[in-house]
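Just so it is clear, the structure is predicted and the values come from calculations on it, not from any experiment. Throughout, numbering of the chain's residues begins at 1 and tracks the sequence.
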Amino acid sequence: MSFSQNALQHRALLISIRTPQQKEHEAEESLAELARLVTTLGFDVVGSQTQRQASTKRITVLGSGKLSELAKLTASQAAEFDEEEPTSDTFSTDVDDETLDELAQSELPFKTADVVVFDCDLSPSQLRNVETQLGVEVFDRTGIIIEIFSRHARTRTARLQVEIARLKYLTPRLRESHIGTKERQMGKGAGESALELDRRRVRDQLAELRRELISVQGQMQGRREKRSEHFCVALVGYTNAGKSSMMRALTGSEVLVENKLFATLDTTVRALQPETQPRILISDTVGFIKKLPHDLVASFHSTLEEAHDASLLLYVVDASDPSFRSQLAVVNEVMQEVGVDETPKILILNKSDNLTLQQQGELLEQYPDSIMMSTHNPLHISALHQKIVTISEKDMQDEQILVPYTANGIVGEIRSNMKVLAEEYGADGIAITVRASTIALERLHKLMQQKTK
C-alpha cells in the first residue's frame with residue numbers, strides 16, 4: 001500500500017458504508033468531507049457509491065454484487081464472488097469541482113477510477129481482499145488522513161509524531177513480496193522471512209522515534225514553562241474553520257493560510273498585535289476532524305498541550321458551514337479527552353461575511369455568549385483584541401512599587417512585562433503603579449530583593 005508521488009493522476013472513487021447506527025445526513029457529511037480530504041492529496045474525485053450494511057466487518061467489506069459493479073467502474077474485470085449479496089440500497093454520484101461539497105445524487109456516468117477510498121477503517125485483510133477483487137489500489141479514511149499529515153508536517157516535533165502514527169498504521173499492513181515469501185534470510189536474522197525482518201525494522205524505528213520525541217517534548221515543555229507568566233490564548237477548532245487566518249489577523253504573523261484541510265499542523269505561538277504590556281501570546285493548534293485516527297490524537301497530545309496550558313480558548317467554527325454544530329461536538333470531545341474542558345472558552349462564529357443578517361441573528365440567539373465575526377473585517381479583529389485584553393486583566397491586580405534608583409534593570413523589567421498605570425519620581429526612587437498577574441509580581445519582588453541586597 002503506497003501513495004504515488006504524482007497523485008494528480010489518481011482518479012478516486014469514494015465508498016460509503018452506512019450502518020444502522022449512522023444517520024443519513026451524517027453519512028452524507030462524512031462522505032463530502034472524505035471528498036475534500038482526497039482532493040487535498042491531489043486526487044480527482046470521479047464519483048461515489050453508498051451501500052447500507054449491518055456493519056463494516058465482513059471480509060470483503062461489501063457484497064459480491066456491489067464489488068462486481070465497482071469492478072466495472074474501476075475498469076477491472078468482474079469476477080465471481082462466493083459471498084452472498086445482502087439486501088442493500090445504493091446510489092452513485094458524479095463529482096466535479098462545483099458539486100464536490102454537496103456530492104449530490106446524479107445519473108451522470110462515472111469516469112474510470114484507478115483508486116478506491118473507503119469512508120471507514122479497514123483491516124489489513126479487508127484491504128487485500130478488496131484490492132484483489134477490484135485490481136486497483138484501495139485506501140481507507142485513516143490512511144488518507146495520515147498521508148495528509150505526513151505531507152504537511154513541518155517542525156521536527158510534528159514530523160516525529162506523524163511518523164510514529166504512520167508506522168503504527170502501516171506495520172500490520174506490511175506485505176510479503178513474491179520473492180521474499182519463500183526465501184529465507186542468511187546471516188543475522190536467519191530463519192526470518194523478509195516480512196518478519198521488515199516488521200522488526202519498523203519496531204526498532206518506532207522505538208528510536210519515541211525516544212527522540214520524548215527528548216523534543218522535554219524541550220517544548222521548557223519553552224512552555226518560560227511562557228507561564230504570560231496570558232496565553234489558544235485557537236482550537238475544526239480543520240479549515242479559519243484558525244490560521246485569525247492567527248494572522250491577531251498577530252500579524254505570516255502563518256500559512258490555505259483553503260485546504262490540515263494546511264498547517266504545527267503549533268505556532270506569536271504575540272498579540274498591537275502588542276500589550278504584559279504581552280499576550282496566541283497559539284494556533286492542529287485542526288480536528290471527524291473520525292480522527294486514535295493514534296494521531298495520541299501522537300498530537302503534546303501539540304495540544306498548548307491548549308492545555310492556555311488561559312483562554314477560542315473555539316473557532318465556520319458559521320457558514322451547515323455542519324459546524326457536529327464539528328463543534330468533535331472539538332469538544334477531543335478537548336475533553338486531553339483534559340482542557342474546564343479552561344475558560346469563547347465560541348467564535350467565524351466567516352460571518354458568508355451569512356445573511358437573519359442567519360447571524362438566529363445564531364447569536366442560539367449562542368448568546370459567542371462572538372460573530374469575520375477575520376477579513378478589521379473592526380471585528382479590533383473588537384476581539386480588546387475582548388482578549390479585558391479578559392487577561394480580569395485576574396490581575398494593581399500594586400504600587402517603589403523602585404530605588406540603585407536597583408538597576410528593575411524599571412526595564414517592569415515596562416517589559418507589566419502594564420504601567422502611573423509613575424512618580426521621588427527622593428527615594430520611582431513609585432510605579434503596575435497591573436500584573438500574581439506570578440509576575442512575586443517574581444518581581446524576588447528580583448528586587450536580589451538587586452537591593
- List the steps, then state whether side chain to side chain contact (heavy atoms under 4.5 Å, CB included) holds for Glu137 with Val116. CA-CA 6 Å; Glu137 283 188 292; Val116 172; over 6 Å; no

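- Between atom CZ of residue Phe231 and atom NZ of residue Lys394 there is a gap of 10.0 Å, rounded to the nearest 0.5 Å.
- Under the 4.5 Å side-chain criterion, counting only non-hydrogen atoms from C-beta, Arg173 is in contact with Asp140.
- Scanning all heavy atoms of the two residues, the minimum distance from Val316 to Gly242 falls at CG1-C, 4.4 Å.
- If you check the side chains of Thr142 and Asp121, you find a donor sitting under 3.5 Å from an acceptor.
- Shown here for Glu131 and Val136, the closest heavy-atom pair between the two residues is CG-O, 3.4 Å.
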- Begin from the C-alpha positions of Leu349 and Phe324 and carry the test side chain to side chain contact (heavy atoms under 4.5 Å, CB included) through to its verdict. CA-CA 10 Å; Leu349 299 172; Phe324 85 81; 4.3 Å; yes

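- Just one of Val233, Leu281, Ile282, Leu384 meets the side-chain contact (heavy atoms from CB on, under 4.5 Å) condition when paired with Leu272; it is Ile282.
- Contact of the Leu364 side chain with the Ser370 side chain is registered, since non-hydrogen atoms from C-beta on lie closer than 4.5 Å.
- Using a 4.5 Å heavy-atom threshold, the side chains of Arg210 and Ile164 count as touching.
- In this structure a side-chain-to-backbone donor-acceptor pair under 3.5 Å is present from Arg11 to Thr112.
- Listed for the Arg279 side chain is no donor-acceptor partner under 3.5 Å among the backbone atoms of Glu275.
- Note: Glu208 CD to Arg211 CZ = 4.5 Å, rounded to the nearest 0.5 Å.
- Inter-residue side-chain proximity for Gln359 and Thr356 is flagged as met; some heavy-atom pair is nearer than 4.5 Å.
- Using a 3.5 Å distance cut-off with no hydrogens or angles, the side chains of Arg58 and Gln53 do pair a donor with an acceptor.
- Side chain to side chain, Gln366 and Arg325 meet the donor-acceptor criterion of an N or O pair below 3.5 Å.
- The pair Glu196-Arg199 does not meet the salt-bridge criterion, since no charged nitrogen lies less than 4.0 angstrom from a carboxylate oxygen.
- Here the OG1-CD distance, from Thr19 to Gln21, works out to 4.5 Å after rounding to the nearest 0.5 Å.
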- Message: Show, in sequence, the C-alpha distance, side-chain angles and deciding distance for Ile346 and Asp369, and conclude whether the side chain to side chain contact (heavy atoms under 4.5 Å, CB included) test is met.
- Response: CA-CA 7 Å; Ile346 299 177; Asp369 296 327; over 6 Å; no

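- Considering OH of Tyr315 and OH of Tyr238, their distance stands at 15.0 Å, rounded to 0.5 Å.
- No donor-acceptor pair under 3.5 Å is formed between the side chain of His10 and the backbone N or O of Asp44.
- Of all non-hydrogen atoms in Thr60 and Asn129, the two that sit nearest each other are CG2-CB, 4.3 Å.
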- Go through Asp114 and Thr74 one step at a time and tell me if the side-chain hydrogen bond (donor to acceptor under 3.5 Å, both in side chains) criterion holds. CA-CA 6 Å; Asp114 59 4; Thr74 57; over 6 Å; no

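- Going from atom CD1 of Ile388 over to atom CG of Leu314 covers 5.0 Å, rounded to the nearest 0.5 Å.
- Using a 4.0 Å cut-off between charged nitrogen and carboxylate oxygen, Glu163 and Arg159 do not count as a salt-bridge pair.
- A 4.5 Å side-chain heavy-atom check between Ser352 and His380 finds at least one atom pair inside the cut-off.
- Contact annotation: the side chain of Phe149 never approaches that of Arg151 to less than 4.5 Å [non-hydrogen atoms, C-beta and beyond].
- The closest side-chain donor-acceptor pair between Gln327 and Asp321 falls under 3.5 angstrom.
- Under the 3.5 Å distance criterion, the side-chain polar atoms of Ser150 are matched with a main-chain donor or acceptor of Ile146.
- Nearest heavy-atom pair across Asn417 and Gln277 is N-OE1, 3.8 Å.
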- side chain to side chain contact (heavy atoms under 4.5 Å, CB included) between Met373 and Met246: does it pass, once the steps are laid out? CA-CA 10 Å; Met373 65 173 294; Met246 185 164 294; 3.8 Å; yes

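- The heavy-atom pair separating Gln133 from Leu67 by the smallest distance is CG-CD1, 4.4 Å.
- Between the side chain of Ser30 and the backbone N or O of Glu26, no donor-acceptor pair lies under 3.5 Å.
- Under the salt bridge (Lys or Arg N to Asp or Glu O under 4.0 Å) criterion, no residue pair touches residues 370-390, with sequence neighbours excluded.
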- Test Arg141 against Glu33 for salt bridge (Lys or Arg N to Asp or Glu O under 4.0 Å), laying out the working first. CA-CA 10 Å; Arg141 186 184 180 95; Glu33 187 170 79; 2.5 Å; yes

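- Heavy atoms of other residues, nucleotides or ligands lying less than 6.0 angstrom from CD of Glu333 number 12 at most.
- The main-chain N or O of Val389 is found under 3.5 Å from a side-chain atom of Ser392 such that the two form a donor-acceptor pair.
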- Message: If you apply the rule salt bridge (Lys or Arg N to Asp or Glu O under 4.0 Å), what do you find for Glu212 with Arg156, and how did you get there?
- Response: CA-CA 10 Å; Glu212 186 173 353; Arg156 183 58 183 160; 2.7 Å; yes

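- Looking at Leu13 and Val115, their side chains never come closer than 4.5 Å, going by heavy atoms from C-beta outward.
- Heavy atoms only, all atoms of each residue included: Leu31 and Ser16 are closest at CD1-CB, 3.8 Å.
- Side-chain atoms of Asp284 and Ser244 include a donor-acceptor pair closer than 3.5 Å.
- Side-chain atoms of Gln360 never come within 3.5 Å of backbone atoms of Leu357 as a donor-acceptor pair (strictly under, hydrogens ignored).
- Checking Gln386 against Thr390 by side-chain atom types alone, a donor-acceptor pair falls below 3.5 Å.
- Residues Leu70 and Ile15 form a side-chain contact, since some pair of their non-hydrogen atoms from C-beta on lies under 4.5 Å apart.
- A salt bridge links Asp198 and Arg201; the closest N-O separation between the charged side-chain nitrogens and carboxylate oxygens is under 4.0 Å.
- From Ile17, atom CD1 reaches atom OG1 of Thr56 across 6.0 Å, with rounding to the nearest 0.5 Å.
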